[in-house]
Amino acid sequence: MVIPSGWPTGTYLETVSDAGRAALLGLGVPKVFRRGDALVRESERSDHVILLLQGLVKATVTLENGRVALLNVKVGGDLVGEMAFLTGKPRSATVTACVDTRTRVISAAQFTDYLTRFPAAHFDLDKMILRTLEWGEQRRMDFNGYPASVRLARVLAYLTDAYGHQGVDGIALKLNLTQGEIGSLVGVEEDTARREFRTLRDRGVLTMGYRTTTIVDRDVLRKIAEL
């Protein structure tokens with residue numbers, strides 16, 4: 001969750017040192033991506049990184065059958081484009097702004113120099129990448145071991161812990177993602193996702209609005225998720 005004077009827990013800007021954070025925030029050029037804009041596109045050749053300052057983006061990939069799968073979401077404090085920067089290979093995913101998103105676009109040369117001056121930040125970058133890989137591996141394990149209801153509850157529990165905002169009525173997930181997009185994180189069709197969301201609503205676990213979900217009973221959600 002976002003802490004009042006800091007960055008969301010686990011994001012790159014939250015993990016680097018104070019000096020490293022100040023230096024990183026001074027790199028690159030500011031750019032605002034409007035909702036629906038692509039920050040980077042799958043298969044394109046570029047090696048800059050993008051530091052998210054405020055907003056929300058989603059990473060998607062096109063499957064062999066032509067369908068688009070949602071891989072992950074990132075918020076202010078996160079870094080985008082690090083894999084192409086490190087490997088020199090084409091972009092592995094398309095990253096799209098879900099809301100108007102403020103960023104700093106940092107060239108590969110600048111970021112390389114930054115990591116040289118702040119070697120601990122390279123270690124923090126490695127940890128961020130490992131967390132992303134662990135997320136994907138956990139989703140694959142869940143897919144093979146749990147029904148759709150449990151998988152969806154697990155993703156909602158994760159999103160609640162990572163990006164939720166406590167309000168009067170519960171913990172709000174203002175991610176600007178549809179139920180179908182959230183469902184794609186756990187490998188279910190949109191109709192299945194909508195059905196599971198309705199079941200959770202009927203059980204008093206959550207309420208639903210336009211691209212917004214509010215977790216009313218987090219304890220029951222975690223029980224359904226078998227956490």
Side-chain angles (χ1 to χ4, degrees), residues 1-35 37-40 48-60 70-86 91-108 110-115 117-136 138 155-167 171-177 181-182 185 211-213:
M1 283 191 179
V2 179
I3 51 180
S5 60
W7 299 90
T9 301
T11 59
Y12 191 57
L13 280 178
E14 190 269 337
T15 57
V16 297
S17 67
D18 290 344
R21 185 183 306 112
L24 185 59
L25 288 169
L27 297 181
V29 294
K31 184 172 183 178
V32 175
F33 291 88
R34 301 301 180 188
R35 177 182 170 184
D37 288 349
L39 284 69
V40 297
H48 61 277
V49 298
I50 301 175
L51 181 65
L52 306 180
L53 301 179
Q54 186 180 55
L56 173 76
V57 302
K58 61 182 179 181
T60 59
L70 178 63
L71 299 179
N72 209 339
V73 294
K74 290 190 174 185
V75 295
D78 278 325
L79 200 65
V80 168
E82 71 282 353
M83 294 301 292
F85 162 79
L86 289 171
R91 301 292 185 184
S92 58
T94 295
V95 178
T96 306
C98 298
V99 297
D100 290 353
T101 299
R102 293 195 304 110
T103 74
R104 294 195 73 86
V105 180
I106 304 170
S107 70
Q110 283 184 308
F111 196 56
T112 298
D113 177 69
Y114 168 77
L115 294 177
R117 290 187 291 119
F118 296 92
H122 206 312
F123 180 64
D124 293 325
L125 179 64
D126 292 341
K127 289 192 294 184
M128 186 193 76
I129 292 172
L130 283 174
R131 284 193 296 271
T132 300
L133 294 175
E134 287 171 354
W135 158 270
Q138 185 61 57
V155 164
L156 287 174
Y158 166 80
L159 294 175
T160 299
D161 291 343
Y163 307 125
H165 298 272
Q166 183 66 56
I171 304 174
L173 298 176
K174 298 180 179 179
L175 299 179
N176 202 38
L177 298 172
E181 287 174 326
I182 294 176
L185 284 172
R211 291 181 178 263
T212 302
T213 299

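One-based numbering along the sequence shown.
- A distance of 9.0 Å separates CG in D37 from OG1 in T96, rounded to the nearest 0.5 Å.
- The backbone N or O of Y158 lies less than 3.5 Å from no partner atom in the side chain of D161, so there is not a single donor-acceptor pair.
- Between atom NZ of residue K74 and atom OG1 of residue T11 there is a gap of 10.5 Å, rounded to the nearest 0.5 Å.
- At a threshold of 4.5 Å between non-hydrogen side-chain atoms, the residues I50 and V57 do not count as touching.
- Within a 6.0 Å sphere centred on NZ of K127, heavy atoms belonging to other residues, nucleotides or ligands number more than 12.
- At distances below 3.5 Å, at least one donor-acceptor pair connects side-chain atoms of E14 with backbone N or O atoms of G10.
- Not one N or O on the side chain of Y12 forms a donor-acceptor pair closer than 3.5 Å with the backbone of L52.
- Counting all heavy atoms, side chain and backbone alike, A93 lies closest to A59 at CB-CB, 4.5 Å.
- Judged purely by atom type and a 3.5 angstrom limit, T213 has no side-chain atom pairing as donor or acceptor with the backbone of L173.
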Can you give each donor-acceptor pair under 3.5 Å made by side-chain atoms of residues 16-29, sequence neighbours left out, with the distance rounded to 0.1 Å?
{"residue": "S17", "atom": "OG", "partner": "G20", "partner atom": "N", "Å": "3.0"}
{"residue": "D18", "atom": "OD1", "partner": "R21", "partner atom": "NH1", "Å": "2.9"}
{"residue": "R21", "atom": "NE", "partner": "L13", "partner atom": "O", "Å": "2.6"}
{"residue": "R21", "atom": "NH2", "partner": "L13", "partner atom": "O", "Å": "3.2"}
{"residue": "R21", "atom": "NH2", "partner": "V16", "partner atom": "O", "Å": "3.1"}

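- For the pair F33 and T103, the tightest heavy-atom approach, listed with the atom from each and the gap, is CE1-OG1, 3.4 Å.
- Distance check, rounded to the nearest 0.5 Å: CD of Q110 to CG of L115 gives 12.0 Å.
- Looking only at side-chain heavy atoms (C-beta outward), C98 and L177 come within less than 4.5 Å of each other.
- Between L39 and A97, the closest heavy-atom pair is CD1-N, 3.7 Å.
- Side chain of D100 to backbone of R34: no donor-acceptor contact under 3.5 angstrom is found.
- Under the 4.5 Å side-chain criterion, counting only non-hydrogen atoms from C-beta, L51 is in contact with L53.
- Taking the six-membered ring where the residue is Trp, Y114 and F118 present tilted rings, their angle falling between 30° and 60°.
- Here OG1 of T101 is found 12.0 Å from NZ of K31. Values are rounded to the nearest 0.5 Å.
- Separation of atoms CG (L79) and CZ (R104) is listed at 13.0 Å; rounding is to 0.5 Å.
- Residues F85 and I106 are not in side-chain contact: their nearest non-hydrogen atoms beyond the backbone lie 4.5 Å or more apart.
- Residues V40 and H48 meet the side-chain proximity criterion, which asks for heavy atoms closer than 4.5 Å.
- Atom CH2 of W7 sits about 12.0 Å away from atom OG1 of T15, to the nearest 0.5 Å.
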